[in-house]
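These notes are about the structure you will find just below.
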Amino acid sequence: SAVISQKPSRDICQRGTSLTIQCQVDSQVTMMFWYRQQPGQSLTLIATANQGSEATYESGFVIDKFPISRPNLTFSTLTVSNMSPEDSSIYLCSATRGAAYNEQFFGPGTRLTVL
Amino acid sequence: KNQVEQSPQSLIILEGKNCTLQCNYTVSPFSNLRWYKQDTGRGPVSLTIMTFSENTKSNGRYTATLDADTKQSSLHITASQLSDSASYICVVSLTGGGNKLTFGTGTQLKVEL
């Protein structure tokens with residue numbers, strides 16, 4: 001298994017500011033992902049964090065709004081830029097070790113509230 | 001559009017009782033189906049993973065079934081406990097999808113005394 005931690009666990013931010021969320025895995029993983037979970041909703045994939053190259057974004061999500069870094073095999077960051085109240089959500093990091101059948105592990109999430 | 005639909009949306013049962021949660025999917029081509037448990041304020045935790053060739057998979061008091069022909073799955077919880085109160089999410093993975101998962105909206109289960 002893989003243990004995933006996220007920082008911060010929660011934050012309250014002002015409109016127009018940016019927040020960077022950190023994701024740390026306790027062992028090397030092949031793939032890392034960022035999800036958003038809006039209140040009462042299920043998870044929506046934002047992007048796949050690629051080591052050493054630009055992230056791959058899903059439809060509806062763009063790099064300018066959600067820049068992502070992945071400098072190595074155990075760490076990634078997601079920045080929520082120029083925030084608005086609509087960005088209030090839980091942001092989750094996940095990781096897997098590769099093959100399609102492999103389990104995908106999730107971090108505890110970062111609860112973001114934008115005022 | 002690939003979709004995963006779950007029912008019921010919410011469920012309340014008494015401690016010690018059994019319950020069954022349903023999942024219907026239209027995701028294609030299908031690789032595997034997973035059931036996750038998500039406690040409030042926590043990330044999802046995997047309960048079972050099944051490929052199209054597997055009909056059933058158990059994990060303690062949790063038993064998942066899969067009918068790939070009808071594209072239906074169920075999660076059966078036996079002898080429920082208060083700690084089973086959580087959201088249960090059905091998740092489907094596409095073949096060649098690069099580990100991309102399609103999530104259902106979940107069933108919110110509450111176990112009461």
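Chain A is the first sequence line, chain B the second, and so forth, proteins listed ahead of strands; every chain is numbered from 1. None of these values were measured; they are calculated from a predicted model.
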Using the rule that two of Ile, Leu, Val, Met, Phe, Trp, Tyr join whenever any of their side-chain heavy atoms come within less than 4.5 Å, decide whether [X] and [Y] are in one cluster.
X: B:Phe52; Y: B:Tyr25; value: yes
X: A:Ile63; Y: A:Val80; value: yes
X: B:Val92; Y: B:Leu21; value: yes
X: A:Leu19; Y: A:Trp34; value: yes
X: B:Leu33; Y: B:Val4; value: yes

Exercise. Where on A:Leu92 is there a heavy atom nearer than 4.5 Å to chain B: the side chain, the backbone, both, or neither?
Worked result: side chain
Exercise. Would you say the side-chain atoms of A:Ser42 pair up with the backbone N or O of B:Gly104, donor to acceptor, closer than 3.5 Å?
Worked result: yes
For this session: First locate atom CD1 of B:Ile89, then atom CD of A:Gln37, and finally report the distance between them rounded to the nearest 0.5 Å.
Result: 6.0 Å
For this session: To the nearest 0.5 angstrom, please state how far the OG atom of B:Ser46 sits from the CZ atom of A:Phe105.
Result: 8.0 Å
Exercise. Would you find more than 12 non-hydrogen atoms of other residues, nucleotides or ligands less than 6.0 Å from A:Arg10 atom CZ?
Worked result: no
Exercise. Among A:Arg111, A:Gln6, A:Gln41, A:Glu58, who wins on heavy-atom pairs under 4.5 Å with chain B?
Worked result: A:Glu58
Problem set entry | 4.5 Å side-chain heavy-atom contact, A:Gln104 and B:Tyr36 | yes
Problem set entry | A:Tyr35 side chain near B:Leu101 side chain, heavy-atom distance below 4.5 Å | yes
Exercise. For B:Gln38, is it the side chain, the backbone, both, or neither that has a heavy atom closer than 4.5 Å to a heavy atom of chain A?
Worked result: side chain
Problem set entry | Residue pair A:Leu45, B:Thr102: steps toward the side chain to side chain contact (heavy atoms under 4.5 Å, CB included) verdict | CA-CA 9 Å; A:Leu45 180 63; B:Thr102 302; over 6 Å; no
